[in-house]
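As the structure is a computational prediction, the values presented were derived from the model and not from experiment. For reference, positions follow the sequence shown, starting with 1.
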Amino acid sequence: MPSDLIYKYMRIDHLPHIWCAGCGNGTLTRDVVCAIDDLCQDPSTGIQREKVVIVSGIGCSSRAAGYMDFNSLHTTHGRAIAFATGIKVANPELTVIVVTGDGDCSAIGGNHLIHAARRNLDLTVVVYNNNIYGMTGGQYSPTTPQHDRATTAPYGVIDRPFNIAQLAAGAGASFTACGDTYHVQETIKQIKKGILHHGFSLIDCYSVCPTYYGRKNKKGSAIDMLKAQKENGIPKERFDRLSPDERAGKYPIGTLSEFEYPEFTDMYQEIIDHARGKHE
């Protein structure tokens, strides 16, 4: 991250961060900051720093809320979207961004995820998806690839993994996208699109965990894992043209789905206005 953005948007007294060397969470935190900065610099977006709220749950990724110098809330495990829902409904003018991990949002927080998507509440959820529970000892998460190993699956995971973006879209999210820690500019672009989208937005960002996931599964160094993202992250338009065999082990980068549905707080305000009109 450029030094000017560090001093502008980070809580310097909370640094250095706790993430392992090579962890992708620092890269994704930089991407979130860069996206917000770009939008704040453009008056036409209406995004104002003092109205940005960062909400996180529990996990390696969720420590990001404490490092970023915005209005922020570091909540309980799996409840980031629930807290964010309360903030947005109480004050719809705020730009509410949830920073969460794959376990935090799709395991214990899975019910909050699908219902916020169903309501089409104007939240932007940025998932730091590293395929593992990194903070608590390397247990497998809902996105750990089938047959990969974890401390709680020493012989390999037999569960099929969630595709979080598809899960959110199926639940009613009106914007979903995918990024990673290698394709930085595209990831920043998708986070910006998600923030500007009026409705529930989820950007599933593949991170790098060289410590618990990488070592356990012999993925090599953090650099090796980034090289794998370079090779396997394919722009969505090109990915769609691949055959099923060519798609094996690869994933699309970019906007996955985008729709216009009525937004929850808008509909809620209509009820308030209607009730006021009846009693005046």
Side-chain angles (χ1 to χ4, degrees), residues 20 22-25 28 57-61 77-78 100-114 117 125-171 173 176-183 187 202-236 238-254 256-257:
C20 300
C23 174
N25 290 349
L28 294 177
I58 296 296
C60 291
S61 61
H77 195 196
T100 183
D102 44 299
D104 188 55
C105 79
S106 66
I108 188 171
N111 226 29
H112 299 303
L113 169 65
I114 61 174
V125 178
V126 182
V127 183
Y128 292 22
N129 187 346
N130 61 5
N131 305 127
I132 205 81
Y133 280 98
M135 190 182 77
T136 53
Q139 303 93 327
Y140 73 89
S141 84
T143 64
T144 305
Q146 199 169 31
H147 308 306
D148 277 1
R149 297 171 184 269
T151 54
T152 46
Y155 301 106
V157 177
I158 59 174
D159 297 351
R160 289 183 298 163
F162 272 143
N163 181 312
I164 296 180
Q166 289 182 0
L167 174 67
T176 62
C178 184
D180 62 20
T181 45
Y182 179 82
H183 299 89
T187 301
L202 182 138
I203 303 92
D204 191 10
C205 301
Y206 298 133
S207 188
V208 170
C209 177
T211 303
Y212 276 115
Y213 178 69
R215 289 177 185 172
K216 182 68 73 173
N217 291 286
K218 297 180 170 50
K219 300 292 185 180
S221 67
I223 294 174
D224 293 326
M225 296 178 76
L226 279 174
K227 287 179 178 177
Q229 290 188 349
K230 177 183 178 181
E231 295 168 0
N232 296 321
I234 310 296
K236 173 71 165 53
R238 185 151 61 89
F239 182 87
D240 289 343
R241 296 195 295 268
L242 298 178
S243 68
D245 288 341
E246 291 173 324
R247 293 182 184 183
K250 297 183 170 20
Y251 55 89
I253 293 290
L256 304 180
S257 62

I'd like a table of donor-acceptor pairs (distance under 3.5 Å, sequence neighbours excluded) in which one partner is a side-chain atom from residues 104-111, with atom names and distances.
| from | atom 1 | to | atom 2 | distance (Å) |
| --- | --- | --- | --- | --- |
| Asp104 | OD1 | Ile58 | N | 3.4 |
| Asp104 | OD1 | Gly78 | N | 2.6 |
| Asp104 | OD2 | Thr100 | OG1 | 2.8 |
| Ser106 | OG | Asp102 | O | 2.4 |

| Could you give all pairs that pass the salt bridge (charged side-chain N to carboxylate O under 4.0 Å, His left out) test and reach residues 203-226, with sequence neighbours left out? | none
| query | Looking only at heavy atoms, which two atoms of Lys236 and Pro252 are closest? And how far apart? | reply | CD-CB, 3.9 Å
| Does a side chain donor of either Asp148 or Tyr140 reach within less than 3.5 Å of an acceptor in the other side chain? | no
| Distance from Met225 atom CE to Tyr182 atom OH, nearest 0.5 Å? | 15.5 Å
| field | Note, Thr143 side chain near Val127 side chain (heavy atom, < 4.5 Å) | value | no
| Does a donor on one side chain sit under 3.5 Å from an acceptor on the other, for Ser61 and Asn25? | no
| query | Are more than 12 heavy atoms from other residues, nucleotides or ligands located less than 6.0 Å from atom CD1 of Ile223? | reply | no
| request: Give, for atom CD1 of Ile132 and atom OG of Ser207, the distance between the pair rounded to the nearest 0.5 Å. | output: 12.5 Å
| message | Nearest 0.5 angstrom please: Asn217 CG to Thr144 OG1, how far? | response | 8.5 Å
| query | Which distance, rounded to the nearest 0.5 Å, do you find between the CE of Met135 and the SG of Cys209? | reply | 12.5 Å
| note | Taken to the nearest 0.5 Å, the spacing of Asn129 CG from Thr181 OG1 works out to 10.5 Å
| said: Is any side-chain heavy atom of Val126 closer than 4.5 Å to one of Leu28? | reply: no
| note | What one should report as the nearest heavy-atom pair of Ser141 and Asn131 is OG-C, 3.6 Å
| message | Any heavy-atom pair between the side chains of Tyr251 and Gln229 that's under 4.5 Å? | response | yes
| query | Looking at Asp180, Asn232, Ile234, Thr187, which hits side-chain contact (heavy atoms from CB on, under 4.5 Å) with Ile253? | reply | Asp180
| remark: Correct closest heavy-atom pair for Phe239 and Arg247 would be O-NE, 3.3 Å
| query | Among all residues two or more places apart in sequence or in another chain, which pass the side chain to side chain donor-acceptor pair (under 3.5 Å) test with Thr151? | reply | none
| remark: Minimal heavy-atom distance between Pro145 and Pro161, with the atoms involved, is CA-CG, 4.3 Å
| Minimal non-hydrogen separation, Pro142 against Gly103, with atom names | CD-CA, 4.1 Å
| note | Residues Ile203 and Gly179: closest non-hydrogen pair is CG2-N, 4.5 Å
| field | Atom pair OH (Tyr133) and OG1 (Thr152), whose distance is rounded to the nearest 0.5 Å | value | 9.0 Å
| said: Take a 6.0 Å sphere around NZ of Lys250 and say whether it holds more than 12 heavy atoms from other residues, nucleotides or ligands. | reply: yes
